[in-house]
Amino acid sequence: MSVRRNKGLIAAAAALAASGVAMAAVPATAADMPRFLAPSELPPHAASEWFAGPVTAGQPDPLPMCVGEALPSTSVHRAYRTDYDTGALQVTVVERSEQRAKEFAALLRGKLDGCAKKVMKEDPGTTAKQKYYGKVNAEEGAHVYGVHTVTSWGASDINLFSVGRDGATVTLVTWGQMGGFADAQVADFKSTTATAVNKLY
């Protein structure tokens, strides 16, 4: 990513942070803004199409499991849903330098490495297991994780996470639904992750 583009992006992010205005409709062709996934680029659902919310400045609410507290106020996010219990989220953070972006991506990955233990520590009534699904070849790379949780009242959920980077920009993608590891659309999610990272700029 060029220095000029990076400066323009930082200025745009600063203006948004100062104004506190949500970016309800960022043009997909805006050269200085990272682009977000389109609903059709998410893992296909067998019984529903995907719907997308607006691209919005700030932290998502609710925060995503395990990594949410690490997301800065300068985050920009977009939430996705289906007609059923399947949802997704993309959060993008533009750092001041590539080194800071590397460090932030490493921070998110570290939190995902310890996600299952964190979940069970914070909620003794929930059991959690996790898997690392490997690296995705996209720009500076992305990594995919899966976390399966079962609550004491029987709820079983599978969540997939990916952390990817393009220059000074880091993007986090999450996907979740009821079920276990056997229900995780890992191949489709890896494809979605590659698309998310490659289309940032």
Side-chain angles (χ1 to χ4, degrees), residues 22-30 33-68 70-71 75-94 104-105 108-109 111-112 115 128 130-149 155-166 169-201:
M23 295 186 298
V26 176
T29 56
M33 298 303 299
R35 292 183 297 167
F36 280 74
L37 288 164
S40 61
E41 293 167 330
L42 291 162
H45 193 282
S48 172
E49 61 181 316
W50 282 93
F51 306 93
V55 175
T56 304
Q59 297 169 311
D61 183 17
L63 293 171
M65 179 173 63
C66 291
V67 294
L71 297 174
S75 300
V76 182
H77 67 275
R78 190 181 200 187
Y80 307 82
R81 64 173 181 82
T82 67
D83 287 327
Y84 298 89
D85 292 321
T86 304
L89 176 73
Q90 183 178 5
V91 185
T92 297
V93 176
V94 180
F104 180 60
L108 294 181
R109 290 187 58 201
K111 289 187 174 296
L112 289 172
C115 186
Q130 66 183 78
K131 292 183 179 181
Y132 173 60
Y133 288 110
K135 188 174 180 179
V136 174
N137 184 19
E139 298 300 336
E140 275 69 62
H143 298 264
V144 176
Y145 303 79
V147 180
H148 176 225
T149 57
S156 176
D157 295 288
I158 180 66
N159 288 275
L160 298 177
F161 302 81
S162 65
V163 177
R165 183 175 67 87
D166 180 1
T169 301
V170 176
T171 195
L172 166 78
V173 181
T174 74
W175 170 96
Q177 68 175 25
M178 294 188 296
F181 286 118
D183 304 296
Q185 294 178 244
V186 177
D188 291 328
F189 186 73
K190 283 188 172 183
S191 178
T192 291
T193 293
T195 299
V197 176
N198 286 329
K199 77 176 292 185
L200 284 170
Y201 299 103

**Q** Would you say that V76 contacts V91 through its side chain, given a criterion of any heavy-atom pair below 4.5 Å between the two side chains?
**A** no
**Q** Determine yes or no for a side-chain-to-main-chain donor-acceptor pair under 3.5 angstrom, with Q90 supplying the side chain and A79 the backbone.
**A** no
**Q** What closest approach, in Å, do V163 and R109 show between heavy atoms, and which atom pair accounts for it?
**A** CB-CG, 4.2 Å
**Q** Taking only residues two or more places apart in sequence, or in another chain, which ones meet E139 in a salt bridge (charged side-chain N to carboxylate O under 4.0 Å, His left out)?
**A** none
**Q** Do the non-hydrogen side-chain atoms of D157 and N159 ever get within less than 4.5 Å of each other?
**A** yes
**Q** So do M178 and D85 actually touch side chain to side chain, heavy atoms under 4.5 Å?
**A** yes
**Q** Looking at every heavy atom in both G164 and V197, which two are closest together, and how far apart are they?
**A** CA-CG2, 3.9 Å
**Q** So which atom in K111 and which in A70 form the shortest heavy-atom distance, rounded to 0.1 Å?
**A** CE-CB, 3.6 Å
**Q** Whether R81 engages the ring of F51 as a cation-pi pair (distance to the six-membered ring centre under 6.0 angstrom, angle to the ring normal within 45°) should be assessed.
**A** yes
**Q** What distance separates Q59 CD from D61 CG, expressed to the nearest 0.5 Å?
**A** 9.0 Å
**Q** Do E49 and T82 get their side chains close enough for a donor-acceptor pair, meaning under 3.5 Å?
**A** no
**Q** Tell me, with the steps shown, if L112 and V67 meet side-chain contact (heavy atoms from CB on, under 4.5 Å).
**A** CA-CA 7 Å; L112 289 172; V67 294; 3.7 Å; yes
**Q** Let me confirm one number: the CZ-OG1 distance from R35 to T195, rounded to the nearest 0.5 Å.
**A** 10.5 Å
**Q** In a check of ring pair (Phe, Tyr, Trp, His ring centres under 6.0 Å) between H45 and each of Y80, W175, Y84, which one passes?
**A** Y84
**Q** Are any non-hydrogen side-chain atoms of D183 and Q177 less than 4.5 angstrom apart?
**A** yes
**Q** Please find the pair of heavy atoms, one from L160 and one from G146, that lie closest to each other, and give the distance.
**A** CD2-CA, 3.8 Å
**Q** Quick one: do F189 and V173 satisfy side-chain contact (heavy atoms from CB on, under 4.5 Å)? Show the steps, please.
**A** CA-CA 9 Å; F189 186 73; V173 181; 3.8 Å; yes
**Q** When you measure from the side chain of W50 to the backbone N and O of P43, does any donor-acceptor pair fall under 3.5 Å?
**A** yes
**Q** Any side-chain heavy atom of E140 within less than 4.5 Å of one from D166?
**A** yes
**Q** Do Y132 and Y145 have ring centroids that are under 6.0 Å from one another?
**A** yes
**Q** Given side-chain hydrogen bond (donor to acceptor under 3.5 Å, both in side chains), test H148 with S156 step by step and report yes or no.
**A** CA-CA 7 Å; H148 176 225; S156 176; 2.7 Å; yes
**Q** In a check of side chain to side chain contact (heavy atoms under 4.5 Å, CB included) between F161 and each of L108, T193, V144, T174, which one passes?
**A** T174
**Q** Measure the spacing between NE2 of H77 and CG of L63 and express it to the nearest 0.5 Å.
**A** 9.5 Å
**Q** Give me the ring orientation class for Y133 and F181: parallel if the planes are under 30° apart, tilted from 30 to 60°, perpendicular past 60°.
**A** perpendicular
**Q** Is it true that a side-chain atom of R165 and a backbone atom of G141 form a donor plus acceptor pair closer than 3.5 Å?
**A** no
**Q** Quick check: does any side chain N or O of S75 sit under 3.5 Å from a backbone N or O of L71, one acting as donor and the other as acceptor?
**A** no
**Q** If every non-hydrogen atom of L172 is compared with every non-hydrogen atom of P64, which pair is closest and at what distance?
**A** CD2-CG, 4.2 Å
**Q** Any donor-acceptor pair under 3.5 Å linking the side-chain atoms of S162 with those of H143?
**A** no
**Q** Quick one: pull up CD in Q130 and CD1 in I158 and give me the separation to the nearest 0.5 Å.
**A** 10.5 Å
